[in-house]
Enquirer: 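The structure under discussion is supplied below as structure tokens; questions concerning it will follow.
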Number of protein chains: 2
Amino acid sequence: MSVRKAQAAETRAALLEAARQQFVERGYLNTKITDITAAAGRATGSFYAHFADKDELLRALLDDVRSQARDQVVAEVHPRDHDLADRDQLHAHIGASWQAMRDHLPVTIAVFESIVAEGPRSGRAWQRLVADTDVLRDHLDYLREQHRPLPGDPALLAPAMGAMLSLLSYALLTTDHPAHPDTEVVDTLTDLLLHGLTGPTSPTAPASLTEPAAPAA
Amino acid sequence: MSVRKAQAAETRAALLEAARQQFVERGYLNTKITDITAAAGRATGSFYAHFADKDELLRALLDDVRSQARDQVVAEVHPRDHDLADRDQLHAHIGASWQAMRDHLPVTIAVFESIVAEGPRSGRAWQRLVADTDVLRDHLDYLREQHRPLPGDPALLAPAMGAMLSLLSYALLTTDHPAHPDTEVVDTLTDLLLHGLTGPTSPTAPASLTEPAAPAA
DNA sequence: GTCTATAGTAAGATAGAC
DNA sequence: GTCTATCTTACTATAGAC
């Protein structure tokens with residue numbers, strides 16, 4: 001690679017990194033092109049040598065995230081018959097999603113804002129919710145095929161679960177002094193999604209069929 | 001009321017109504033002041049005789065919604081000891097929330113967009129999630145006081161449930177051809193939140209203690 | 001490719017007649 | 001209070017030297 005190309009790649013990388021920082025600091029919509037170039041220590045005009053506009057830069061950031069995610073998936077292998085009704089496996093799924101959103105917080109924020117900014121008629125919020133919960137839905141379909149009891153259509157359940165994770169992570173991760181640590185959030189969401197508000201044993205079930213009335217925690 | 005005042009009130013109402021329409025059509029952020037005045041059949045300058053900016057207009061819309069909601073709450077009375085572990089009552093709660101978001105769709109959309117536009121550092125997403133699920137949290141606290149089993153801290157559970165409702169409603173209600181009717185959504189969310197993915201009876205429980213194996217739907 | 005300087009644009013907000 | 005016309009601003013995006 002020539003010196004010129006290396007410098008160009010460096011500038012491009014600096015712009016991407018500066019953008020990440022600014023997106024967390026100001027949000028995607030409030031970040032101006034000049035905010036990015038200033039944070040990267042470059043001139044305004046240099047931005048356009050690498051990206052047509054802010055949107056194209058965001059797509060570049062997204063590509064990075066996706067290629068990373070692809071590597072991870074390949075590394076882990078991910079069979080369809082994961083049993084989401086098993087607490088450990090559900091916990092792992094939710095924990096991984098949460099961690100991914102935290103790891104890629106600038107992109108998480110930027111994508112969220114850009115989708116909302118597109119306006120309601122675009123229908124992209126639903127599109128993305130469906131797309132992002134594709135794997136989840138596949139697992140639920142598998143459960144259904146096995147005649148496991150499910151509270152509803154996997155095509156609706158998966159986006160619903162994704163909505164909870166997505167908005168809650170956005171809200172919590174963008175708070176300076178989070179009221180709840182990650183472990184608590186993941187544990188709570190796991191138990192909520194696994195057994196609901198009523199807990200593992202229904203409180204209305206006759207006591208004789210359950211344990212000898214354990215004292216509540 | 002004088003004629004002049006009546007005309008003014010009429011213009012104000014026309015602006016509010018036009019804004020509602022435009023917010024659904026274009027979204028809050030993409031709606032220009034001129035879009036509102038044009039849709040209301042008024043001149044651009046007239047806007048500023050009634051509102052300082054778009055944000056103040058949104059606050060006016062919010063006040064309308066809040067006063068309506070207040071009336072409804074007063075009408076229904078709403079005791080703290082509603083039992084959210086009872087399916088009918090949980091179903092009613094979720095159904096009412098869903099219906100409210102649909103009824104006030106323009107404001108739902110606008111508030112959502114304006115919060116996101118404020119950027120991540122404002123922390124307002126979490127603030128609003130907590131504020132909007134205030135009543136829900138109160139019900140959960142009550143359950144906890146009665147030593148009912150809960151999957152986690154009501155201070156986290158309530159916002160989590162609110163996040164699911166909020167983002168899912170935004171995504172679904174802004175789709176032209178919704179893939180799922182309201183009744184299905186409310187039913188599914190109710191069952192998911194009540195008993196989780198595992199359904200009312202744990203699939204790992206010995207069959208002898210449950211019903212004689214009903215065929216899956 | 002990167003810089004400085006500037007052109008272009010879109011929208012918010014105001015002035016002043018009626 | 002409402003209108004038309006205009007001012008202002010803030011940002012995007014480009015031009016042209018190096």
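Please read these numbers as outputs of a predicted model, since none were measured by experiment.
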Enquirer: What integer distance in Å separates A:K5:NZ from C:dG1:P?
Expert: 9 Å
Enquirer: Calculate, to the nearest 0.5 Å, the distance between atoms CD1 and CZ belonging to A:I33 and A:F51 respectively.
Expert: 10.0 Å
Enquirer: D:dC3 C1' sits how many Å from B:L15 CG, rounded?
Expert: 14 Å
Enquirer: Pick from B:T183, B:D103, B:D182: which one makes a side-chain contact (heavy atoms from CB on, under 4.5 Å) with B:W98?
Expert: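 The passing option is B:D182.
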Enquirer: What nucleotide among D:dC3, C:dT4, C:dG1 has an atom nearest to a side-chain atom of A:A8?
Expert: C:dG1
Enquirer: Over how many whole Å does the gap from B:F51 atom CZ to D:dG1 atom P extend?
Expert: 12 Å
Enquirer: C:dA11 P sits how many Å from B:N30 CG, rounded?
Expert: 9 Å
Enquirer: Can you figure out which of C:dT2, C:dT4, D:dT2 approaches the side chain of B:S46 most closely?
Expert: D:dT2
Enquirer: If you only use heavy atoms from C-beta on, which nucleotide in D:dT2, C:dT2, D:dT4 is closest to the side chain of A:H50?
Expert: C:dT2
Enquirer: Once you round to the nearest 0.5 Å, how far does CG of A:L105 lie from CZ of A:R102?
Expert: 7.5 Å
Enquirer: With a 4.5 Å heavy-atom cut-off, do A:F23 and A:L57 have their side chains touching?
Expert: yes
Enquirer: May I have the list of side-chain donor-acceptor pairs in residues 151-174 of chain A shorter than 3.5 Å, sequence neighbours left out?
Expert:
unit_1, atom_1, unit_2, atom_2, d
A:D153, OD1, A:A155, N, 2.9
A:S169, OG, A:L165, O, 3.0
A:S169, OG, A:S166, O, 2.9
A:T174, OG1, A:Y170, O, 2.6
A:T174, OG1, A:A171, O, 3.3

Enquirer: In whole angstrom, give the distance that lies between atom CZ of B:R42 and atom P of D:dC3.
Expert: 7 Å
Enquirer: Quick test of your reading: applying salt bridge (Lys or Arg N to Asp or Glu O under 4.0 Å), list the pairs with at least one residue in residues 30-50 of chain A, sequence neighbours left out, ordered by first then second residue.
Expert: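 Output for this query lists A:R26-A:D35.
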Enquirer: When you check every protein heavy atom under 4.0 Å of nucleotides 11-18 of chain D, what one-letter string (B, S, -) results, 5' to 3'?
Expert: SSBB----
